[in-house]
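Since the structure comes first, as structure tokens, the remarks are kept for the end.
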There are 4 protein chains.
Amino acid sequence: MRPENEPGGRRRSFIEEARRRQIIAAAVEVISEVGYASASLARIAKRAGISKGVISYHFDGKDELMAELVVQLYVSGAEFMAPLVEAAEGWRAKFLTYLESNLQFIDANRTYVAALTEVVLNLRKPDGTPRFTSVDGEEPVIAPLIELLREGQADGTFGDFDPVVMAKIVRDTIDGAAGRAIREPDWDVGRYTDEVCRLFDLATRKGSAR
Amino acid sequence: MRPENEPGGRRRSFIEEARRRQIIAAAVEVISEVGYASASLARIAKRAGISKGVISYHFDGKDELMAELVVQLYVSGAEFMAPLVEAAEGWRAKFLTYLESNLQFIDANRTYVAALTEVVLNLRKPDGTPRFTSVDGEEPVIAPLIELLREGQADGTFGDFDPVVMAKIVRDTIDGAAGRAIREPDWDVGRYTDEVCRLFDLATRKGSAR
Amino acid sequence: MRPENEPGGRRRSFIEEARRRQIIAAAVEVISEVGYASASLARIAKRAGISKGVISYHFDGKDELMAELVVQLYVSGAEFMAPLVEAAEGWRAKFLTYLESNLQFIDANRTYVAALTEVVLNLRKPDGTPRFTSVDGEEPVIAPLIELLREGQADGTFGDFDPVVMAKIVRDTIDGAAGRAIREPDWDVGRYTDEVCRLFDLATRKGSAR
Amino acid sequence: MRPENEPGGRRRSFIEEARRRQIIAAAVEVISEVGYASASLARIAKRAGISKGVISYHFDGKDELMAELVVQLYVSGAEFMAPLVEAAEGWRAKFLTYLESNLQFIDANRTYVAALTEVVLNLRKPDGTPRFTSVDGEEPVIAPLIELLREGQADGTFGDFDPVVMAKIVRDTIDGAAGRAIREPDWDVGRYTDEVCRLFDLATRKGSAR
DNA sequence: GATGAATGAGAGTTCATTCAT
DNA sequence: CATGAATGAACTCTCATTCAT
């Protein structure tokens with residue numbers, strides 16, 4: 001019926017993509033205002049100023065809309081962070097840049113992040129299992145970070161710690177910060193970032209007693 | 001209609017309390033299986049092996065059930081942690097015991113914690129604002145931790161850092177760990193706890209370069 | 001199970017009757033406050049300060065309770081009016097006393113009348129047909145009035161009109177007054193009664209042009 | 001969501017209006033058959049041959065449907081009576097035409113009037129107070145009649161009586177007649193109207209002894 | 001006699017989805 | 001492409017009634 005980009009379908013037209021982004025933007029606003037459970041298609045359509053049917057036309061269903069919302073923001077985040085991390089010289093600098101840029105991105109996209117969090121935590125597959133928060137699903141997200149830590153250890157930059165555990169702690173800290181960004185409008189990201197960087201800097205230093 | 005304990009109502013009977021706990025337990029199971037959004041009263045009643053109306057009889061509504069679930073587990077956690085933290089000697093030991101006991105509690109109550117997390121993140125007041133995750137609402141939760149850090153700084157145990165920011169990072173780390181506990185059945189809490197304790201021990205030490 | 005007075009059952013004990021009156025009184029209060037539709041057994045029991053089951057014990061069901069409420073007030077009204085009407089001398093005086101005493105009774109029992117009205121208009125048999133407001137059901141209520149008017153015509157007191165139609169108009173006027181009594185707390189019954197009596201006095205006079 | 005006519009919303013489409021009328025008609029039928037209390041949306045939808053959700057789609061809720069039912073019939077009645085009353089010459093003729101046309105309208109719309117009566121007497125606001133039968137709410141209904149009587153008195157057509165009380169008696173008589181129209185299929189409106197007109201004609205005549 | 005607990009049906013409402021226009 | 005209309009299932013909640021204690 002509808003042109004698809006993935007998988008193997010015809011390329012989506014420009015106008016088609018614009019509509020999808022418009023709808024996703026409306027969904028983000030609605031979710032961050034009334035929460036995932038109350039974010040009905042009717043409300044999203046109203047917010048976007050379009051008819052309910054349009055959403056069904058452009059997305060295979062509510063779930064696809066929500067999944068797209070997540071993917072889109074995730075990609076945006078990666079596109080923002082990757083060049084910064086790569087530009088940093090040395091594993092320590094890369095590590096701290098990873099932390100810093102991630103927190104900055106969250107700060108700059110609070111509403112989007114709020115919506116993303118709600119969706120990630122709530123969206124489920126038809127069989128009831130989580131769509132995004134599965135163990136396997138996490139791997140691609142933290143794999144680059146683990147690799148970064150391993151490289152730094154191999155080259156003697158970092159001390160002796162379990163890179164997998166450390167990566168998970170980092171991610172949890174960042175994800176927790178995302179929640180805080182949503183709930184606290186006055187949250188001072190700069191100070192928080194400084195403290196977090198200092199903390200993980202100390203924890204990954206060579207020569208730290210185990 | 002129904003006897004109430006809080007506030008000012010008659011005391012609830014033993015059997016009444018048992019039923020409430022049974023219903024809450026069923027809610028916990030259902031939520032951790034299908035998620036908050038799909039945890040309908042019908043499903044919860046079915047799981048508990050009772051009729052739908054029973055829930056309405058024992059609780060003022062779905063929201064009260066969910067709120068009770070949160071309060072109950074939160075109180076359980078506090079009851080578990082408080083004596084351990086108090087028994088520890090010295091602020092550093094208290095701090096590390098706080099971290100350790102909290103993670104242990106999460107580990108020992110994974111299903112409950114999973115459900116609690118879903119409820120806390122999703123439950124809203126009738127006006128649409130979050131029921132539990134407001135800024136003000138957080139204060140009572142981290143206030144004791146902030147106090148603990150301040151005391152340790154005053155007495156020279158801890159170094160120079162912002163106790164409020166540090167407390168928030170600690171809480172985010174722990175809450176993140178809760179999410180992990182839910183998603184990863186094989187999660188090794190012991191190792192994770194060691195790493196977290198080492199990390200925050202370093203970060204709060206006196207003499208850490210700022 | 002339960003002792004019955006009607007039909008043919010054992011006589012109800014004094015305490016039994018007291019309970020029934022207490023429950024009916026509570027029902028009257030509740031109905032006149034929240035209306036028939038919202039007058040649940042739970043609310044009535046709460047108002048009476050008893051448990052819900054008590055009502056089921058003393059009445060065969062909600063419908064019997066409501067029916068009893070109607071009958072009880074109707075009998076009270078008849079007991080109040082009958083001696084007054086009989087004491088009046090002459091058909092004209094009897095007729096005006098009927099009007100006057102009926103309106104007085106309504107005035108003195110506004111809450112009861114309000115409840116009765118709601119019940120009469122709403123209570124239905126299981127098949128959906130009205131329990132009280134059927135054509136046949138009305139006959140016993142206005143039959144004495146028709147008879148009174150006929151006697152007065154035969155004896156030359158009243159003029160020439162259809163006694164059945166006149167009786168119906170009288171009843172409608174009184175029933176309408178009942179509604180008014182409920183809705184208007186400041187309603188001046190004395191003045192209303194005077195005007196109504198004057199009106200029907202003129203309308204039933206001998207020699208009125210047809 | 002749905003186009004609205006009142007207040008300030010977009011104009012309702014023709015088809016929209018037709019659906020609303022169809023649903024109201026079904027509600028009227030159901031109410032006059034099983035009564036207000038048993039007139040559930042399910043039954044009304046079934047009678048209209050539509051799905052339950054359609055009612056919610058076209059009306060803001062059950063209460064709005066019921067309120068619309070009342071308003072619609074009330075407006076119809078006013079539209080029927082007004083030109084007839086205005087066309088009558090002289091206050092006496094206007095007064096009798098008011099009575100006559102009102103009773104005729106009731107006669108011609110028995111089922112509708114039956115439903116209207118049930119709704120007016122039962123519909124309540126969320127706080128429990130009656131929606132239509134309040135004292136203030138009555139004013140607009142009888143105000144024109146009071147005015148008519150006052151004009152007739154000023155111009156010497158009518159005798160000396162309290163026009164407010166008289167108007168109330170007239171309304172109660174008519175409303176009572178409505179109830180009768182519902183319950184008595186064989187009710188002879190012509191005869192009833194004659195008798196009522198004769199009665200009120202006599203009661204309002206100049207020179208009637210007070 | 002009286003109670004609290006439980007039932008199960010049915011209430012109004014919301015919602016994702018489908019479809020003719 | 002877009003819309004408004006309609007569906008039917010699922011939701012929370014209320015209720016009259018029953019029953020063991």
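In what follows, every chain begins at residue 1, and chains take the letters A, B, ... in the order their sequences are listed.
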Take the protein atom [atom1] of [X] and the nucleotide atom [atom2] of [N], then report the distance between them rounded to whole Å.
X: D:K46; N: E:dG10; atom1: NZ; atom2: P; answer: 11 Å
X: B:H58; N: E:dT7; atom1: NE2; atom2: P; answer: 9 Å
X: D:I55; N: F:dA5; atom1: CD1; atom2: P; answer: 16 Å
X: B:L65; N: F:dT12; atom1: CG; atom2: C1'; answer: 12 Å
X: D:F14; N: F:dG4; atom1: CZ; atom2: C1'; answer: 16 Å
X: B:F59; N: E:dA6; atom1: CZ; atom2: C1'; answer: 15 Å
X: D:E16; N: F:dT3; atom1: CD; atom2: P; answer: 17 Å
X: C:R19; N: E:dT3; atom1: CZ; atom2: C1'; answer: 11 Å

Name the atoms and distances for all side-chain donor-acceptor pairs under 3.5 Å in residues 22-36 of chain C, with sequence neighbours left out.
from	atom 1	to	atom 2	distance (Å)
C:Q22	OE1	C:R19	NH1	2.6
C:Q22	NE2	C:A48	O	3.1
C:E29	OE1	C:R47	NH1	2.6
C:S32	OG	C:V28	O	3.1
C:S32	OG	C:E29	O	3.1
C:E33	OE1	C:R47	NH2	2.8
C:E33	OE2	C:R47	NH1	3.2
C:E33	OE2	C:R47	NH2	3.3

**NZ/NE/NH1/NH2 to OD/OE distance under 4.0 Å, A:E68 and A:K62** = no

**Message:** Tell me whether D:R21 is salt-bridged to D:E16, with the criterion being a basic N under 4.0 Å from an acidic carboxylate O.
**Reply:** no

**Message:** Tell me every residue that passes side-chain hydrogen bond (donor to acceptor under 3.5 Å, both in side chains) with B:S51, counting only those two or more places apart in sequence or in another chain.
**Reply:** none

**Request:** Only counting residues at least two apart or in another chain, list the ones meeting side-chain contact (heavy atoms from CB on, under 4.5 Å) with B:K125.
**Result:** B:D127, B:T129, B:R131

**Asked** Partners of B:A42 by side-chain contact (heavy atoms from CB on, under 4.5 Å), sequence neighbours excluded?
**Response** B:S40, B:K52

**Request:** Flag the pair D:N122 / C:E118 as yes when at least one side-chain heavy-atom distance between them is below 4.5 Å, and no otherwise.
**Result:** yes

**Request:** Grab the two heavy atoms, one from B:V119 and one from B:L69, that are nearest each other, plus how far apart they are.
**Result:** CG2-CD2, 4.4 Å

**Complete:** All stems that DNA chain E takes part in, i.e. 3 or more consecutive Watson-Crick or G-U pairs with distances under 3.5 Å, are E:2-21 with F:2-21

**Message:** Under 4.0 Å, heavy atoms only, any strand: does C:I15 hit a base, just the sugar-phosphate, or nothing?
**Reply:** sugar-phosphate

**Request:** For the side chain of B:V54, starting at C-beta, report the closest nucleotide among E:dA5, E:dT7, F:dA2.
**Result:** E:dT7

**Item:** Sugar-phosphate or base contact per nucleotide [nucleotides 12-21 of chain E; S, B, -; heavy atom under 4.0 Å]
**Value:** BBBSBBB---

**Request:** Specify the residue among C:I50 and B:G49 whose closest nucleotide of DNA chain E lies further upstream toward the 5′ end.
**Result:** C:I50

**Request:** Report the distance from atom CG of B:L65 to atom CG of B:L41, rounding to the nearest 0.5 Å.
**Result:** 7.0 Å

**Message:** Less than 4.0 angstrom between a side-chain N/O of B:S13 and OP1 or OP2 of E:dA5, yes or no?
**Reply:** yes

